[in-house]
Amino acid sequence: MKAGVYQLSDLDKCPFCGSETFFVKLHAEGTIFFRINPDGSEENNENMYDTLTLTGGKRVYCFKCKSFLGNKETNKLSTPALIELCNKEQKC
């Protein structure tokens, strides 16, 4: 990484709160088949989500403070995250 040039993949923690856990929001659409036995106990359902269609997952957020950090597909940091990172590291 060049000085002053940051990408989303450069983050090892949230620049706002320091959390090391991020998440992406996904939209699921479809039907889940939850299998049960005649006695009502749960059957093996390890593939119950295989019929779902997932979309989204581009925008990366901090799990703790929910701040938007950047775009996973383009690897770009959000402007607020870049400003916060530059203010903390004073390299921009």
Side-chain angles (χ1 to χ4, degrees):
M1 165 178 62
K2 297 177 188 174
V5 179
Y6 294 99
Q7 295 181 319
L8 181 63
S9 59
D10 295 324
L11 291 182
D12 57 354
K13 61 184 176 185
C14 174
F16 300 101
C17 72
S19 173
E20 296 178 356
T21 306
F22 306 153
F23 73 93
V24 294
K25 295 179 184 178
L26 297 172
H27 174 77
E29 189 173 324
T31 302
I32 295 173
F33 296 98
F34 186 80
R35 296 189 301 264
I36 59 172
N37 296 311
D39 66 358
S41 63
E42 181 180 336
E43 180 58 60
N44 180 352
N45 283 294
E46 67 183 32
N47 61 352
M48 68 189 282
Y49 300 110
D50 290 353
T51 57
L52 295 181
T53 302
L54 300 176
T55 56
K58 297 177 185 178
R59 295 173 59 97
V60 179
Y61 300 87
C62 172
F63 189 77
K64 184 177 179 184
C65 71
K66 310 300 187 255
S67 295
F68 171 56
L69 301 176
N71 186 300
K72 184 176 153 188
E73 286 187 353
T74 62
N75 200 26
K76 290 185 179 178
L77 278 176
S78 70
T79 300
L82 180 60
I83 291 169
E84 186 70 18
L85 193 61
C86 288
N87 287 340
K88 286 188 175 178
E89 296 196 4
Q90 298 178 354
K91 292 182 183 177
C92 298

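Residue indices begin at 1 and follow the sequence shown.
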- By side chain to side chain donor-acceptor pair (under 3.5 Å) - contacts of S41 (at least two apart): N37, D39
- Shortest non-hydrogen contact between K13 and G18, atoms and distance: CB-O, 3.6 Å
- Closest non-hydrogen contact found for Q7 with N75 is OE1-ND2, 3.1 Å
- Kindly compute the distance separating CG (L85) from OH (Y6), expressed to the nearest 0.5 Å. 5.0 Å
- Task: Could you tell me which residues satisfy side chain to side chain donor-acceptor pair (under 3.5 Å) with N44, sequence neighbours excluded, listed by chain and number?
- Result: none
- Rounded to the nearest 0.5 Å, how far does OG1 of T53 lie from CG of L26? 12.0 Å
- Message: Other residues, nucleotides and ligands only: do more than 12 of their heavy atoms fall within 6.0 Å of CD on E29?
- Response: no
- Examine distances only and state if a side-chain atom of S67 and a backbone atom of C62 form a donor-acceptor pair shorter than 3.5 Å. no
- Note on the structure: One should read off an interatomic distance between I36 CD1 and E42 CD, to the nearest 0.5 angstrom, of 10.0 Å
- Message: Testing the basics here: between G57 and K72, what is the closest heavy-atom pair and its distance to 0.1 Å?
- Response: O-CD, 3.6 Å
- Task: Rounded to the nearest 0.5 Å, what's the gap from CG on L52 to CD1 on I32? Could you check?
- Result: 5.0 Å
- Message: Could you tell me if the side chain of C14 sits less than 4.5 Å from the side chain of C65, heavy atoms only?
- Response: yes
- Got a sec, which residues hit side chain to side chain contact (heavy atoms under 4.5 Å, CB included) with K58, two or more places apart in sequence or on another chain? N71, E73
- Query: What pair of heavy atoms forms the shortest contact from L77 to A81, and how long is it?
  - Reply: CD2-CB, 4.3 Å
- Sequence neighbours excluded, the answer for side chain to side chain donor-acceptor pair (under 3.5 Å) partners of D12 is none
- Query: When rounded to the nearest 0.5 angstrom, what is the spacing between CG in N45 and CG in D50?
  - Reply: 11.0 Å
- Item | Exceeds 12 heavy-atom contacts within 6.0 angstrom, atom NZ of K66 | yes
- Task: Sort and list the pairs that fulfil ring-ring contact (aromatic ring centres under 6.0 Å, His included) and have at least one residue in residues 23-72, not counting sequence neighbours.
- Result: F23-Y61, Y61-F68
- Side chains of I83 and P15 in contact at under 4.5 Å (non-hydrogen atoms): no
- For K88, salt bridge (charged side-chain N to carboxylate O under 4.0 Å, His left out) partners two or more places apart: E84
- Query: Could you give the distance from CZ (R59) to NZ (K25), rounded to the nearest 0.5 Å?
  - Reply: 7.5 Å
